Amino acid sequence: MTQDKPIRVGIIGTGFAAKLRADTFYTDDRTHLVAVAGNDFDRTQTFAHSYNAEVVADWQELVQRQDIDLVAICTINSLHGAIARLALQHGKHAIVEYPLSLDPVEAEELLTLAATNRLLLHVEHIELLGGLHQALTQSLPAIEPVSYVRYVTIAPKHPAPRRWTYNSELFGFPLVGALSRLHRLTDRFGEVATASAQARFWDAPESAPESGFHRACLCTAQLQFTSGVLGEVVYGKGETFWQAQNRMEVHGDRGTLILEPDRGELIRDGVVQPLTIGSRRGLFTQDTKMAIDFLVDGTPLYVQNTQSVYTLKVADRLRRSG
Ligand code: NAP
Ligand code: BLA
């Protein structure tokens, strides 16, 4: 597709991801940020004004506007699927933060809808662009074949915020909301043969259990890839944790990889070789620019939707197994 006029963009959400996307749409001369729909009215006003964009009352109105070509869906996970559907039905291209939907069946329907309507549907997976994943990809050949991968992310938080990320209805099952943790593994180790998980939630005090808010959650998952690789993924956050951990260990016949956000090691024959891990900054900008590149000159994207939806199916299998 060649584009002579700027792509007209609407953003849904005003948080961390939305701001980084808006910065790019605002400064890239191939796009024009037209409108923003948020949650809290004052926050949405402040956000929109800083980009000279219009405030729209709600996302339903935004995705139906005639003067928008592309919608960036940067809001809570439980709304992703419904917003993407309405946007695609109204002929808009869509960028969606992971997960595409909390429901893998809906996610598949959305891929079909985008293909039928010949629209871009891009599900962001910035973890694939980050330094840890790049180091993993580069170092795997030195240790393959892999027998076992263990990936632990624990984020203590005191007190846990009463925000959407601590609400199961809004965030989804832990490894659905934090799909990137599984996606790193499916991207490198492929198809999953068997998968099961256990999850625990600690209710937030002063919240009725049915409100869905918790003060901590923990999910431990066991995976067997069809290649034979065994995997374990641990995701925990909140008030029941006191020591942060963010570590991937990969054990291979010829060596071991230890990867953390800012350091890495390749261990072979007792020799420890340090690995440089690239920054986690600038990933949303990179992702946004690549989606624009795709729309403007058809440059292929770095991730396939089918891969995202496959990982979502695995995550949903984990949810149902618990
Ligand atoms: P965030 O900073 O917390 O922003 C969340 C947005 O959703 C805000 O606009 C917030 O509005 C709105 N919101 C909160 N509760 C809501 C509710 N109950 N109903 C409707 N809207 C509500 O979150 P974020 O980090 O930008 O995450 C946005 C999306 O990006 C998520 O899908 C996340 O998984 C994905 N993502 C984020 C990152 C990252 O680095 N942060 C990386 C990869 C993917 P108010 O503030 O006005 O309530
Ligand atoms: C992923 N970060 C996420 C997600 C959320 C947050 C909701 C998606 C769900 C998930 O995968 O867990 C939220 N991250 C936060 C918040 C902070 C944070 C509120 O670090 C508070 C400091 N994200 C940031 C910042 C960085 C960042 C400051 O907000 C670092 C520069 C990076 N977050 C980042 C990356 C991912 C992510 C790279 C992709 C997921 C991954 O790496 O697995």
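Side-chain atoms are counted along with the backbone in the values below, which use heavy atoms only and exclude waters and symmetry mates. Read the numbers this way: they start at 1 and go in the same order the structure lists the ligands and their atoms. No experiment lies behind these values; they were computed from the predicted model shown.
Distance check for atom 20 (O) of ligand 2: every protein heavy atom is found at 4.0 Å or beyond. Of the protein's heavy atoms, at least one falls inside 4.0 Å of atom 28 (C) of ligand 2. For atom 5 (C) of ligand 2, the nearest protein heavy atom lies 4.0 Å away or farther. Taking a distance limit of 4.0 Å, we find that atom 14 (N) of ligand 2 is approached by no protein heavy atom.
Counting heavy atoms under 4.0 Å from ligand 1, residue Pro99 does not touch it at all. Only the side chain of His80 comes within 4.0 Å of ligand 1, judged by heavy-atom distances.
Counting only distance, with no hydrogens or angles, the side chain of Glu239 and the backbone of Ala160 share a donor-acceptor pair below 3.5 Å. Of the possible polar contacts, one joining the Arg254 side chain to the Pro141 backbone as a donor-acceptor pair under 3.5 Å is found.
Within ligand 1, counting atoms from 1 as listed, the ones closer than 4.0 Å to a heavy atom of Ala17 are 26 (O), 30 (O). For ligand 2 and Thr165, the ligand atoms under 4.0 Å from any heavy atom of the residue are 7 (C). The Ala178 neighbourhood of ligand 2 comprises atoms 10 (C), 11 (O), 12 (O), with distances under 4.0 Å to a heavy atom of that residue. Close contacts of ligand 1 with Gly13, meaning ligand atoms under 4.0 Å from a residue heavy atom, involve 9 (O). In summary, the atoms of ligand 1 found under 4.0 Å from a heavy atom of Cys74, numbered by their order in the structure, are 28 (C). The distance from ligand 1 to the heavy atoms of Ile76 drops below 4.0 Å at these ligand atoms: 7 (O), 13 (N), 14 (C), 15 (N), 16 (C), 17 (C), 18 (N), 19 (N), 20 (C), 22 (C). Near Glu124, with a cut-off below 4.0 Å to any heavy atom, the atoms of ligand 1 are 43 (C), 44 (C). Using a 4.0 Å cut-off to heavy atoms of Thr75, the atoms of ligand 1 that qualify are 7 (O), 12 (C), 21 (N), 28 (C), 29 (C), 31 (C), 32 (O). Of all the atoms in ligand 2, the ones that sit under 4.0 Å from a non-hydrogen atom of Gly177 are 9 (C). Per-residue contacts place Asp40 under 4.0 angstrom from the following atoms of ligand 1 (heavy atoms of the residue considered): 47 (O).
Residue-ligand proximity: Arg184 is placed with a non-hydrogen atom under 4.0 Å from ligand 2.
Nearest protein heavy-atom neighbour of atom 36 (C) of ligand 2: Ile126 CD1, 4.0 Å. Nearest non-hydrogen protein atom to atom 46 (O) of ligand 1 is Arg43 NE, 3.0 Å. Distance from atom 31 (C) of ligand 2 to its nearest protein heavy atom, with residue and atom name: Arg281 NH1, 4.0 Å. Of all protein heavy atoms, the one closest to atom 34 (C) of ligand 2 is Arg280 NH1, 3.9 Å. Regarding atom 32 (O) of ligand 1, its nearest protein heavy-atom neighbour is Asn77 OD1, 2.5 Å. Protein heavy atom closest to atom 9 (O) of ligand 1, with residue, atom name and distance, is Thr14 N, 2.7 Å. For atom 4 (O) of ligand 1, the nearest non-hydrogen atom of the protein is Gly15 CA, 3.4 Å. Looking only at heavy atoms of the protein, atom 37 (C) of ligand 1 is closest to Phe284 CZ, 3.9 Å. When hydrogens are left out, the protein atom nearest atom 12 (O) of ligand 2 is Arg181 NH2, 3.2 Å; that is the closest non-hydrogen contact.
Remark: Lys289 NZ is packed, more than 12 non-hydrogen atoms of other residues, nucleotides or ligands lying under 6.0 Å away.
On a distance-only criterion, Arg163 and ligand 2 share no N/O pair closer than 3.5 Å.
If you check each of Phe284, Phe16, Tyr98 against atom 37 (C) of ligand 2, the one with the closest non-hydrogen atom is Tyr98. Compare Glu97, Glu169, His125, Arg163 by their heavy atoms: the one nearest to atom 3 (O) of ligand 1 is in Arg163. When Val36, Leu100, Asn39 are ranked by how near their heavy atoms come to atom 10 (C) of ligand 1, first place goes to Asn39. Here atom 41 (N) of ligand 1 lies nearest to Phe16 when heavy atoms of Tyr98, Phe47, Phe16, Trp164 are compared.
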### Query
Would Tyr98 and His80 count as a side-chain contact (heavy atoms from CB on, under 4.5 Å) if you check the C-alpha gap in whole Å, the side-chain angles of each, and the deciding distance to 0.1 Å?
CA-CA 8 Å; Tyr98 70 74; His80 290 186; over 6 Å; no
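In this structure, Arg8 does not pair ionically with Asp67, as no charged nitrogen and carboxylate oxygen lie closer than 4.0 Å. At a threshold of 4.0 Å, the pair Arg21-Asp287 counts as salt-bridged, since one of the basic side-chain nitrogens sits closer than that to a carboxylate oxygen. Between Arg30 and Asp293, at least one side-chain N (NZ, or NE/NH1/NH2) sits under 4.0 Å from a carboxylate O, which counts as a salt bridge.
Taking the ring centroids of Tyr51 and Tyr26, they lie under the 6.0 Å cut-off. The six-membered or imidazole ring of Tyr302 lies near that of His122, with a centre-to-centre distance under 6.0 Å.
Checking Tyr310 against Glu191 by side-chain atom types alone, no donor-acceptor pair falls below 3.5 Å. A side-chain N or O of Thr311 and one of Thr186 form a donor-acceptor pair less than 3.5 Å apart. Side-chain atoms of Glu127 and Ser180 form no donor-acceptor pair, as typed in the model, at a separation below 3.5 Å. A side-chain N or O of Asp187 and one of His133 form a donor-acceptor pair less than 3.5 Å apart. Between the side chains of Tyr151 and Arg247, no donor-acceptor pair is found at a separation under 3.5 Å.
Between Trp242 and His158, the angle of the ring planes stays under 30°, which puts this pair in the parallel group of the 30/60° scheme.
The CZ atom of Arg263 sits 4.5 Å away from atom CD of Glu265, with the distance rounded to the nearest 0.5 Å. For the atom pair Leu175 CG and Asp316 CG, the distance stands at 11.5 Å (nearest 0.5 Å).
For Glu144, the side chain to side chain donor-acceptor pair (under 3.5 Å) criterion is met by no residue, not counting sequence neighbours.
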